[in-house]
Amino acid sequence: MSSAASRPAAGPFDRGHTDDLMAFLTASPSPYHAVASAAERLEKAGFRPVEETAAWDATSGGKYVIRGGAIIAWYVPEGASAHTPYRIVGAHTDSPNLRVKPQPDMGAHGWRQVAVEIYGGTLLNTWLDRDLGLAGRLTLRDGSHHLVNVDRPLLRVPQLAIHLDRGVNDGLKLERQRHMQPIWGIGEVHEGDLISFVAAEAGVDAEDVSGWDLMVHAVDAPAYLGRDRELLAGPRMDNLLSVHAAVAALASLAGRDDLPYIPVLAAFDHEENGSEADTGAQGPLLGNVLERSVYARGGSYEDRARAFAGTVCLSSDTGHAVHPNYAERHDPTHHPRVNGGPILKVNVNQRYATDGSGRAVFAAACEKAGVPWQSFVSNNDMPCGTTIGPITAARHGIKTVDIGVAILSMHSARELCGADDPYLLANALVAFLEG
């Protein structure tokens, strides 16, 4: 662990950053809302959208591209050469949840239900007996997209009463198909009811809706927790906590033409199910943006190769804080604690991309920001998760370092972190992007 003080000695962010994170989480119940929220913050800092189908120019300043639930944003300092390297913060916008099927209207025994599919490795029991909303996007016949957010109690996945399952406390067994379909009313089931309702909420004609990407979310608001409010409970911190920190860090550098690198935010979709999508880290989106930026500034393939060779990416995703009730599941010599600062994630089998030189880059950024940091490694007897880090390193040949914030209840409908860690991470990201 770093010997730095427990609070950043210098940096633009304090506990107010955590307050803003809570607003960001609430405004971002789906990846599509998350990128819209990110774009809104970036535009306030002077960034402008760039269309992938348009020709790009060599102008300096802040720019961003949105594709579905992914956003790539970057700031080109005045006078940046074609071979200027990048400093990238990578993250992802998606979280495990329940997603609406193509034929959503179902029901039985007088109950109206919504047919859902399980997305990612969610903790199923955390969705039981919880007030749930519905959010995502509608696609109209003309190809346009409309965001929708029913952010009020609409759905519920009711658990079976203990009187009908006397052994439930000895081990809850949930069948993903039979037991996870939420109810949303009573009466006869009619095809088209759900989409008609959602279309009305979005202010569009249901007959114009030709496709949808809708998902369930918990409607209880993020909240400080604990005697001294030193903890933060909320949804989708894996991994909107990192997206928010990266957006804030990048926006804080707008107008900085003294930067030796081009700072970049790369927030992908579909990390929770393998990243194999045109909006995922396995796809070409990031590489296309970086290359087009090089070529727009008059660069050649040689300039592209030079820029990539000097580029470093911090893959920022949440990690596991030591759990007080299950400490034996953690590595005995690595016990990351909440409010202990961001974690450096290491796995020699390349589930994380960190190596010794990457550690040095991260340590230097934390030292510059006056931010403490910790190391995480999995217990050898427990399988290790993975991130966009190894994918980014292998696909683009970019040095990548895996980091994040330590949390509890990862992949729950409601997760828990230290209230100081979000702004500690954001300050470390500013120092990294500044170089």
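By convention here, the first residue in the shown sequence is residue 1.
- Few gaps surround CZ on Arg395; more than 12 heavy atoms of other groups in view lie less than 6.0 Å from it.
- In this structure a side-chain-to-backbone donor-acceptor pair under 3.5 Å is present from Asn339 to Asp420.
- Between the side chains of Tyr75 and Asp257, at least one donor N or O lies within less than 3.5 Å of an accepting N or O.
- Of all the heavy atoms in Glu52 and Ile66, the pair that sits closest is OE2-O, 4.5 Å.
- In this view, Asp220 and Arg130 satisfy the side-chain hydrogen bond (donor to acceptor under 3.5 Å, both in side chains) rule, not counting sequence neighbours.
- With rounding to the nearest 0.5 Å, the separation of OG1 in Thr84 from CG in Leu259 is 10.5 Å.
- Under a cut-off of 6.0 angstrom, the local environment of CG in Asp129 is crowded, with over 12 non-hydrogen atoms contributed by other residues, nucleotides or ligands.
- Formation of a donor-acceptor pair under 3.5 Å by the Asn379 side chain with backbone atoms of His330 is found in this model.
- Between Trp373 and Phe362, the ring planes lie perpendicular to each other; the angle is over 60°, past the 30° to 60° tilted range.
- In this structure, Leu290 CG and Thr311 OG1 are separated by 7.0 Å, a value rounded to the nearest 0.5 Å.
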Might you work through the salt bridge (Lys or Arg N to Asp or Glu O under 4.0 Å) test for Arg256 and Glu434, ending with a clear yes or no?
-> CA-CA 9 Å; Arg256 288 281 304 277; Glu434 286 179 328; 3.0 Å; yes
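- Judged purely by distance below 3.5 Å, without hydrogens or angles, the side chains of Gln374 and His335 never pair a donor atom with an acceptor atom.
- Here the side chains of Val100 and Trp212 are in contact, with some heavy-atom distance below 4.5 Å.
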May I have the step-by-step check of salt bridge (Lys or Arg N to Asp or Glu O under 4.0 Å) for Glu51 and Arg67, ending in yes or no?
-> CA-CA 9 Å; Glu51 296 295 333; Arg67 181 190 292 184; over 6 Å; no
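- Between the Trp127 side chain and the Pro182 main chain, no donor and acceptor come within less than 3.5 Å of each other.
- Annotation: the span from Leu155 atom CG to Ile183 atom CD1 amounts to 9.0 Å, rounded to 0.5 Å.
- Looking at every heavy atom in both residues, Asp105 comes nearest to Leu194 through OD1-N, 3.1 Å.
- Heavy-atom minimum distance, Val401 versus Gly358: CG2-CA, 3.4 Å.
- A search for side-chain hydrogen bond (donor to acceptor under 3.5 Å, both in side chains) contacts involving Ser60 returns Glu78, not counting sequence neighbours.
- Between the side chain of Ser316 and the backbone N or O of Gly404 there is no donor-acceptor pair closer than 3.5 Å.
- The backbone N or O of Leu132 lies less than 3.5 Å from no partner atom in the side chain of Arg156, so there is not a single donor-acceptor pair.
- Checked against a 6.0 Å centroid threshold, the rings of Trp74 and Phe47 do not count as neighbours.
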Step by step, work out the salt bridge (Lys or Arg N to Asp or Glu O under 4.0 Å) result for Arg48 and Glu43.
-> CA-CA 6 Å; Arg48 59 182 178 86; Glu43 289 194 2; over 6 Å; no
Go through the steps to decide whether Glu271 and Asn239 satisfy the test side chain to side chain contact (heavy atoms under 4.5 Å, CB included), and finish with yes or no.
-> CA-CA 10 Å; Glu271 189 273 346; Asn239 186 31; over 6 Å; no
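- With values rounded to the nearest 0.5 angstrom, Thr400 atom OG1 is found 8.5 Å from Ile388 atom CD1.
- With hydrogens and angles left out, the side-chain atoms of Ser357 and Lys399 include a donor and acceptor closer than 3.5 Å.
- Listed here is the closest heavy atom pair of Pro336 and Ile343: CB-CG2, 3.7 Å.
- Considering only residues two or more places apart in sequence or on other chains, Pro235 meets the side chain to side chain contact (heavy atoms under 4.5 Å, CB included) condition with Pro222, Arg414.
- Looking only at distances, a side-chain donor or acceptor of Asp421 sits under 3.5 Å from a matching main-chain atom of Gly341.
- Rounding to the nearest 0.5 angstrom, the gap separating the CG atom in Leu232 from the SG atom in Cys417 is 4.5 Å.
- Side chain to side chain, Glu230 and Tyr224 fail the donor-acceptor criterion of an N or O pair below 3.5 Å.
- One side chain, Asp94 or Tyr119, offers a donor N or O that lies under 3.5 Å from an acceptor on the other.
- Aromatic pair His244/Phe24: ring centres closer than 6.0 Å.
- Evaluation of the salt bridge (charged side-chain N to carboxylate O under 4.0 Å, His left out) rule for Asp213 yields Arg137 as partners, not counting sequence neighbours.
- Taking all atoms of both residues into account, the shortest heavy-atom contact from Ile88 to Phe432 is O-CE2, 3.3 Å.
- Relative to the six-membered ring of Phe308, Arg304 meets both conditions, a distance below 6.0 Å and an angle of at most 45° to the axis.
- A side-chain donor-acceptor contact under 3.5 Å links Glu415 to the backbone of His411.
- Checking side-chain atoms of Ser315 against main-chain N and O of Asp402 turns up no donor-acceptor pair under 3.5 Å.
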Residue pair Ile195, Leu214: steps toward the side chain to side chain contact (heavy atoms under 4.5 Å, CB included) verdict = CA-CA 10 Å; Ile195 298 307; Leu214 299 171; 4.0 Å; yes
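- Side-chain contact annotation: Ser196 with Asp193, donor-acceptor N/O pair under 3.5 Å absent.
- Checking Thr139 against His145 by side-chain atom types alone, a donor-acceptor pair falls below 3.5 Å.
- The list of side chain to side chain donor-acceptor pair (under 3.5 Å) pairs with a residue in residues 279-289, not counting sequence neighbours, is empty.
- Side-chain rings of His92 and His270 stay apart, their centers remaining 6.0 Å or farther from each other.
- With values rounded to the nearest 0.5 angstrom, Asn349 atom CG is found 8.5 Å from Cys384 atom SG.
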Tell me, with the steps shown, if Leu21 and Tyr423 meet side chain to side chain contact (heavy atoms under 4.5 Å, CB included).
-> CA-CA 9 Å; Leu21 168 62; Tyr423 73 80; over 6 Å; no
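- Every residue two or more places apart in sequence or in another chain was checked for a side-chain hydrogen bond (donor to acceptor under 3.5 Å, both in side chains) with His146, and none qualifies.
- Using modelled atom types, one side-chain atom of Ser37 and one backbone atom of His33 make a donor-acceptor pair closer than 3.5 Å.
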Apply the test salt bridge (Lys or Arg N to Asp or Glu O under 4.0 Å) to residues Asp20 and Arg41: give CA-CA distance (whole Å), side-chain angles for both, the deciding distance (0.1 Å), then the verdict.
-> CA-CA 11 Å; Asp20 189 64; Arg41 283 166 161 74; 3.1 Å; yes
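- Scanning all heavy atoms of the two residues, the minimum distance from Arg15 to Arg229 falls at NH1-O, 3.4 Å.
- Between Tyr326 and His323, the ring planes lie perpendicular to each other; the angle is over 60°, past the 30° to 60° tilted range.
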Start with the C-alpha gap between Asn97 and His217, add the side-chain angles, then the distance that decides, and say whether side chain to side chain contact (heavy atoms under 4.5 Å, CB included) holds.
-> CA-CA 7 Å; Asn97 57 16; His217 68 276; over 6 Å; no
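- No side-chain donor-acceptor contact under 3.5 Å links Thr93 to the backbone of Pro31.
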